[in-house]
Amino acid sequence: MITFGCQMNKSDSERIDGMLNALGGEAVASSEGADIIVFVTCCVREAADERLYGQVASLKNSGALVAVGGCIGQRDAAELAAKMPHVGVVFGTHNIMSLPALIKEARETQAPVVEVISNADAAEAEHPALDPEAPLRREHAWHAWLPIMTGCNNFCSYCVVPYVRGRERSQPFEDVLKETERLIADGVKEITLLGQNVNSYGRDLYGHPRFAELLRAVGNSGIERLRFATSHPKDLLPETIAAFAEVPAIMPALHLPVQSGSDRVLAAMNRRYTAKRYLELIDSVRSAVLAAGKEPVAFSTDIIVGYPGETEEDFEQTLALAKAVGFAQAFTFMYSKREGTPAAAHDDDTPREVIQERFDRLVELVQQSAWDFNQQFLNQGLPVLFEGSSKRDAQMLAGRGPGNQTIHAPLPADKQASDFSGKLFPVHITEAKTWYLRGTLL
Ligand code: SAH
Ligand code: SF4
């Protein structure tokens, strides 16, 4: 399994892995010697796109059955089949559940098989997008991605997602709760609810409970920790903020992509909020969570630098907004032109060096705010959900704090890292860096 892109793709891969595993397959660490190579692909930016084509091309003589799915499968099915005859299966974003059957067919017929349901047909489908009963293989036994909806209706001007993931389709409320129960029974301690815009959960199902209600139901189901992504600022409602603050299992970490701090650019991006509105939302979330007595909220965001026509003044407004919020983390991207999106029609003559220079200034500011954010935890105790030992040091435990901070603590001499995996322990923080905290087990 080779996965590119977002958490939705990671979740799709876990489902595919589970289905193939149930049929006797076994995941291997390297494509060398694999019988089947499944790519779950991303085309949100050009770099991911190019990497996929390069990697698939290099497998020409591998002898393996190569299956390409995900967002590029959806977008380029015909091209993939025509240009890359060694690709045995192409499947779209709505066809994950049929992959085992497609692989079987390709092996039996020795001919390429393509199955891509169009976004329009998927929108008409009666059954939910994902089967809540399907087998699943998770990266960590104690963590689960739980998609509550697929697709996106927002059509931000730069973004390809609505074209490759189709319209919003919510998983039925009962299915999400059933899956939550199944995951808890299976030892899961932390669930991350997934959707391109979780705030519009349930809108496509008439008379259906909406996101705030779902948050409360899953948050009060007995799960230890609950997270969710992604929230579109324009749809973040007061009742959702209340649930976020009040339900103890919901962790105080909010990923709220802002994209830009300039109202002019935000309007061009079709984001449908202003910088002022965004800051108001941050304030209300912060004060609601504080009033509920939780840890301070770790705000994270996505920002695009170099949107067509972005001026120095626009960019300075982005810097000012980022400074005002004090993000604990920010994913910063240079604008990447995507064919078929409205923004692709706008040419831009801003030199690449200028965009790079803006990007570097933003990264520097975000590093500073991440460092600042972490300082407040010095000499405090934080509950940590441990993942196991740190990748760099087997004697060091690694886990996550409530704000999703990476936290390290030395492994006690008489213990194994596996004794801690998936378990919560309090840690006294003694060191606060930009991207991690360090402390001692209490
Ligand atoms: N649905 C989520 C995430 C979408 S893709 C959301 O709305 O927040 C993840 C991030 O990729 C986006 O938030 C955006 O910052 C970035 N992105 C999307 N299209 C892009 C493009 N054409 N160029 C650069 N970054 C892009
Ligand atoms: Fe893309 Fe906007 Fe939808 Fe996010 S909300 S997936 S950025 S179109």
Side-chain angles (χ1 to χ4, degrees), residues 4-12 41-50 70-72 74-75 93 119 145 147-170 192-201 203-204 211 227-236 253-262 265-273 278 281 299-310 315 318 321-322 327 329-346 348 350 352 355-356 358-359 362-363 366:
F4 293 88
C6 66
Q7 294 148 336
M8 192 63 89
N9 277 10
K10 283 192 191 151
S11 162
D12 284 350
T41 64
C42 171
C43 54
V44 79
R45 283 171 295 275
E46 198 175 356
D49 219 313
E50 284 172 354
C71 296
I72 296 182
Q74 185 76 22
R75 189 194 61 187
T93 53
N119 293 331
W145 306 112
I148 58 169
M149 59 191 300
T150 55
C152 182
N153 291 356
N154 288 311
F155 292 94
C156 302
S157 63
Y158 49 82
C159 185
V160 76
V161 171
Y163 306 92
V164 288
R165 287 270 170 185
R167 294 299 69 72
E168 286 174 0
R169 285 173 75 198
S170 300
T192 306
L193 304 177
L194 287 184
Q196 296 299 342
N197 175 15
V198 290
N199 290 328
S200 59
Y201 173 79
R203 268 193 208 160
D204 55 313
F211 186 55
R227 304 183 187 277
F228 56 90
T230 299
S231 276
H232 195 307
K234 79 175 163 57
D235 299 315
L236 181 57
L254 185 63
H255 186 61
L256 198 63
V258 68
Q259 314 298 358
S260 170
S262 151
V265 173
L266 286 170
M269 287 175 162
N270 190 29
R271 289 292 289 182
R272 289 173 274 172
Y273 53 82
Y278 185 88
L281 283 171
F299 289 103
S300 57
T301 199
D302 294 348
I303 299 175
I304 297 176
V305 178
Y307 184 80
E310 180 190 77
F315 176 69
T318 300
L321 179 138
F327 290 111
Q329 200 182 2
F331 300 91
T332 48
F333 307 105
M334 278 193 230
Y335 169 73
S336 169
K337 181 174 172 175
R338 304 282 65 202
E339 281 318 322
T341 62
H346 299 290
D348 185 30
T350 313
R352 177 100 194 157
I355 296 174
Q356 180 70 52
R358 284 180 195 160
F359 185 84
L362 178 62
V363 168
V366 169

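Nothing here was measured: the structure is a model prediction, and the numbers come from that model. Just so you know, these numbers use all the heavy atoms, side chains as well, and skip hydrogens, waters and symmetry mates. Along the sequence shown, residues are numbered consecutively beginning with 1. Numbering of ligands and ligand atoms starts at 1, following listing order.
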Would you check if Met8 and Val161 make a side-chain contact, meaning some heavy-atom pair closer than 4.5 Å? no
Between Tyr273 and His232 (side chain of the first, backbone of the second, donor and acceptor by atom type, cut-off under 3.5 Å), is there such a pair? no
Output yes when Asp302 and Arg45 qualify as a salt bridge under the 4.0 Å nitrogen-oxygen rule, no when they do not. no
So that I know where these two stand, are Tyr307 and His346 an aromatic pair - ring centroids less than 6.0 Å apart? no
Any Lys/Arg nitrogen of Lys337 or Asp348 sitting under 4.0 Å from an Asp/Glu carboxylate oxygen of the other? no
So what's near atom 2 (Fe) of ligand 2, protein N, O or S atoms under 2.8 Å? Cys156 SG
When you measure from atom 7 (S) of ligand 2 to every protein heavy atom, which one gives the shortest distance, and what is it? Tyr158 OH, 3.4 Å
Should Tyr163 and Thr341 be marked as a side chain to side chain donor-acceptor pair (under 3.5 Å) after you check the CA-CA gap, both sets of side-chain angles, and the distance that decides it? CA-CA 9 Å; Tyr163 306 92; Thr341 62; over 6 Å; no
Test item: Ser231 and Val198 side chains (from C-beta on) under 4.5 Å apart, heavy atoms: yes
Give a table of atom pairs where an N or O of ligand 1 lies under 3.5 Å from a protein N or O.
unit_1: ligand 1; atom_1: 1 (N); unit_2: Gln196; atom_2: O; d: 2.9
unit_1: ligand 1; atom_1: 1 (N); unit_2: Gln196; atom_2: OE1; d: 2.8
unit_1: ligand 1; atom_1: 11 (O); unit_2: Arg45; atom_2: NH1; d: 2.9
unit_1: ligand 1; atom_1: 13 (O); unit_2: Gln259; atom_2: NE2; d: 2.8
unit_1: ligand 1; atom_1: 13 (O); unit_2: Asp302; atom_2: OD2; d: 2.6
unit_1: ligand 1; atom_1: 15 (O); unit_2: Gln259; atom_2: OE1; d: 2.7
unit_1: ligand 1; atom_1: 22 (N); unit_2: Tyr158; atom_2: O; d: 3.0
unit_1: ligand 1; atom_1: 22 (N); unit_2: Ser336; atom_2: O; d: 2.7
unit_1: ligand 1; atom_1: 23 (N); unit_2: Ser336; atom_2: N; d: 2.9

Option among Pro162, Cys159, Cys152 that satisfies the side-chain contact (heavy atoms from CB on, under 4.5 Å) test with Gln196: Cys152
Distance only, no hydrogens: is a donor on one side chain within 3.5 Å (strictly under) of an acceptor on the other, for Thr192 and Gln7? no
Please check if the side chain of Ser336 supplies one atom and the backbone of Glu46 the other of a donor-acceptor pair under 3.5 Å. yes
